[in-house]
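These notes concern the structure reproduced below.
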Amino acid sequence: MKFNGIDFDTYLKNYPDEKGYFGKYGGSYISPELQKAMDEITEAYFTICKSSKFISELRRIRKEFQGRPTPISHLERLSTSLGNVQLYVKREDLNHTGAHKLNHCMGEALLAKYMGKKKVIAETGAGQHGVAIATAAAYFGLECDVYMGSVDIKKQAPNVARMKILGANVIEVTHGLATLKEAADAAFDAYAREYKDAIYCIGSVVGPHPFPMMVRDFQSIVGIEAREQFIEMTGELPDAVVACVGGGSNSMGMFSGFLNYPVDIYGVEPLGRGTALGDHAASLKYGSEGIMHGFNSIMLKDENGDPAPVYSVASGLDYPSSGPEHAFLHDLGRVKYDVISDDETIDAFFTLSRLEGIIPAIESSHAVAYGIKLAKTMGKGSVLICLSGRGDKDMDYIIEKYGIR
Ligand SMILES: *Cc1c(COP(=O)(O)O)cnc(C)c1O
């Protein structure tokens, strides 16, 4: 399928280019020392990860350890309550550890093993990526250093406990605002020192090349499964596909399975409390081109051009940029990006729980809310939503802030 001059039959092979660019976005803006380490990972990715041995081992792990394929569920009661549009969810909440993040962490850690590395290094904000990478490290018997701001360590006690139980070292970062940005800087510094024995494992389709490509490719299992399952269930493609966008990994995984098909694709960003800078994290909707964390993309900037403070009720979505491939697909118009507020998100959280017996992560509730909105405007047809994770991690917060509805 051709769209705006791009041939999507060959898109996944042609993008990014060999320097890691999706159009003008992506690339690698890092120190020469770190660039050496990235080149090593890129080289290993193309030789090791494309080998049949690696592919068949990852397939076995996905089946026997992660519990893949995850199913698609038809949301029968919710659909009926809205009218004639049929809503479906791809159940990444049923992936081991309760979210999609393990899809790329198992791939990255398996690559580490093949490269003979002894340790994985990562940063984490809300702790979801930390738990996924700690899980993968335990599985493969790798050491695991997770850098985390002291503010986040206090807020995310259950995830800190999980990482420690899984055998990871949680390394406290105390400088600056002591949150995700400082943790990411500290993790990069550690990696520059230790890259001979360690590999850096990023948490989304962000960072310097090859990470946006590699994480997309490891997450593409979501879209491949979803397309086949949906056709098997209904005999046709969905009319629309929806996923939430933080850094953009669950959405890129899902979208990659549908880019080359006549399906409308929607990425949902968090509008938080409103449109003022600092009240949301909708970088593609309200941001502009810029470089941060080693890559060029669309980002939210403050008056100095630095990454702006962001906010969302979903801690997994409050990132001031999105992966470069999203910026590319945004400009191209192949994916439409729109926003959902905190309030709409919380309504969808309770609606899905009550009508379908599925408690979604607050991140995923953004996609559910958008799917519901879309269904109301469509009149007929079908919408497939990526349910990126389960809401168990959000229970305490929801009860404290919103009570039981
Ligand atoms: C981390 C997380 C997200 C956001 O990350 P993406 O890279 O944008 O997918 C979304 N949903 C859940 C459940 C998460 O844990």
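Atom set for the values below is all heavy atoms of this structure, side chains included, hydrogens, waters and symmetry mates excluded. Whatever order the structure lists ligands and atoms in, that order sets their numbers, starting from 1.
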Checklist entry - For residues His209 and Tyr29, is any side-chain donor paired with an opposing acceptor at under 3.5 Å? => result no

Next on the checklist: The criterion is side chain to side chain donor-acceptor pair (under 3.5 Å); which residues satisfy it with Arg334, sequence neighbours excluded?
Outcome noted: none

Checklist entry - Taking only residues two or more places apart in sequence or in another chain, which ones pass side chain to side chain donor-acceptor pair (under 3.5 Å) with Tyr191? => result none

Checklist entry - Should the ring pair Phe8 and Phe3 be called parallel, tilted or perpendicular, given that the plane angle runs from 0 to 90° and is split at 30 and 60? => result perpendicular

Next on the checklist: Run the side chain to side chain donor-acceptor pair (under 3.5 Å) test against Tyr286 and tell me which residues pass, sequence neighbours left out.
Outcome noted: none

Checklist entry - How would you list, by chain and number, the residues with a heavy atom under 4.0 angstrom from ligand 1? => result His100, Lys101, Gln128, Ser204, Cys244, Val245, Gly246, Gly247, Gly248, Ser249, Asn250, Gly316, Leu317, Ala361, Glu363, Ser388, Gly389

Checklist outcome for this item: Heavy-atom nearest pair, Lys393 first then Ile362, reads NZ-N, 4.4 Å

